[in-house]
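Down below is the structure, laid out as structure tokens.
Quick caveat, the model's predicted, so the values are computed rather than measured.
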Amino acid sequence: MTVQLKHVSPGYPELTAGQPYLVIGLEADDIRILNDQGRPYLYPASLFDVVDPREPADWLSDKGEDEERYAYPAPLSAAGFFEDFFDGLPEAVATFWRVMNRRLVAAA
């Protein structure tokens, strides 16, 4: 899945309007992308237009208590994975970049 920022927003200076972003995963009404600083942050999906709606075949999808959808590649879907990543745990960082490198090569 690929999205594009609709317009420049002062609240999100790390994003560029018109730039395509590869979606890493979904969390309820948010999407996780690599921003312009190379950080995998969550952003409101409403900020973006969907350029390519095809979701990767390896996403695991789950529903929350309020039927909100969560979807990530299996290695990134464990509870607390992104907390470990942002805490700099070497295994989480290595796993994330291994998955992202494969995804970026496939998208190229």
Side-chain angles (χ1 to χ4, degrees):
M1 175 183 285
T2 306
V3 297
Q4 199 171 42
L5 186 65
K6 292 178 183 178
H7 50 80
V8 174
S9 173
Y12 302 99
E14 69 281 7
L15 299 173
T16 301
Q19 170 71 33
Y21 294 98
L22 191 64
V23 176
I24 300 166
L26 308 173
E27 292 192 25
D29 294 330
D30 295 329
I31 59 173
R32 189 176 299 274
I33 62 169
L34 280 181
N35 64 24
D36 294 350
Q37 298 168 344
R39 303 296 291 167
Y41 288 149
L42 283 172
Y43 294 96
S46 61
L47 295 175
F48 301 88
D49 288 322
V50 175
V51 175
D52 182 352
R54 294 175 296 166
E55 294 181 7
D58 67 343
W59 276 9
L60 298 179
S61 189
D62 198 9
K63 296 239 178 166
E65 292 178 11
D66 295 324
E67 295 299 309
E68 69 276 18
R69 185 167 175 235
Y70 296 85
Y72 278 102
L76 310 183
S77 66
F81 176 83
F82 281 97
E83 287 82 355
D84 291 347
F85 173 85
F86 285 111
D87 286 343
L89 295 179
E91 185 176 331
V93 171
T95 297
F96 174 78
W97 286 112
R98 185 178 64 252
V99 169
M100 280 310 303
N101 287 336
R102 286 184 194 148
R103 183 70 33 96
L104 292 170
V105 166

W97, L89: one ILVMFWY side-chain cluster at the under-4.5 Å cut-off?
no
Is there a continuous path of hydrophobic side-chain contacts, each under 4.5 Å between heavy atoms, that joins V50 to L42?
yes
Measure the CG-OG distance between L47 and S9 for me, rounded to the nearest 0.5 Å.
6.5 Å
What's the spacing between E14 CD and Q37 CD if we round to 0.5 Å?
6.0 Å
Is it possible for you to say whether V51 and V8 belong to one hydrophobic cluster, with membership spreading through side-chain heavy-atom contacts below 4.5 Å?
no
If the condition is salt bridge (charged side-chain N to carboxylate O under 4.0 Å, His left out), which residues does R102 pass it with, not counting sequence neighbours?
none
What one should report as the nearest heavy-atom pair of A71 and W59 is CB-CE3, 3.7 Å
Is L60 reachable from M100 through a run of I, L, V, M, F, W or Y residues, each pair having side-chain heavy atoms under 4.5 Å apart?
no
Applied to residues 22-35, the side-chain hydrogen bond (donor to acceptor under 3.5 Å, both in side chains) test, sequence neighbours excluded, yields E27-R32, E27-Y72, R32-Y72, N35-Y43
Testing the basics here: between L34 and Y21, what is the closest heavy-atom pair and its distance to 0.1 Å?
O-CD2, 3.3 Å
Go through L22 and L104 one step at a time and tell me if the side-chain contact (heavy atoms from CB on, under 4.5 Å) criterion holds.
CA-CA 8 Å; L22 191 64; L104 292 170; 3.8 Å; yes
Measuring from Q19:CD to L5:CG, what's the distance to the nearest 0.5 Å?
9.5 Å
Roughly how far, to the nearest 0.5 Å, is the CZ atom of F86 from the CZ atom of F96?
7.5 Å
Go through it in stages, so that I can follow the logic: the residues are D58 and R103, the test is side-chain contact (heavy atoms from CB on, under 4.5 Å), and I'd like the CA-CA distance, side-chain angles, deciding distance and then a yes or no.
CA-CA 10 Å; D58 67 343; R103 183 70 33 96; 2.7 Å; yes
Derivation and outcome, side-chain contact (heavy atoms from CB on, under 4.5 Å), residues I31 and V3:
CA-CA 9 Å; I31 59 173; V3 297; 3.7 Å; yes
Salt-bridge present (R69, E55; N to O < 4.0 Å):
yes
OG (S77) and CG (D62) are apart, to the nearest 0.5 Å, by 9.0 Å
Using 30° and 60° as the class limits, which term best fits the ring planes of F81 and F85: parallel, tilted or perpendicular?
parallel
Side chain to side chain, V93 and P90, heavy atoms closer than 4.5 Å
no
Side-chain (Q4) to main-chain (G18) donor-acceptor, under 3.5 angstrom:
yes
Look up atom NZ in K6 and atom CZ in F48, then write down how far apart they are to the nearest 0.5 Å.
10.0 Å
Between I24 and F82, the two heavy atoms sitting closest are CG2-CZ, 4.4 Å
Closest approach of M1 to P56 (non-hydrogen atoms, all atoms of both residues):
N-CD, 4.1 Å
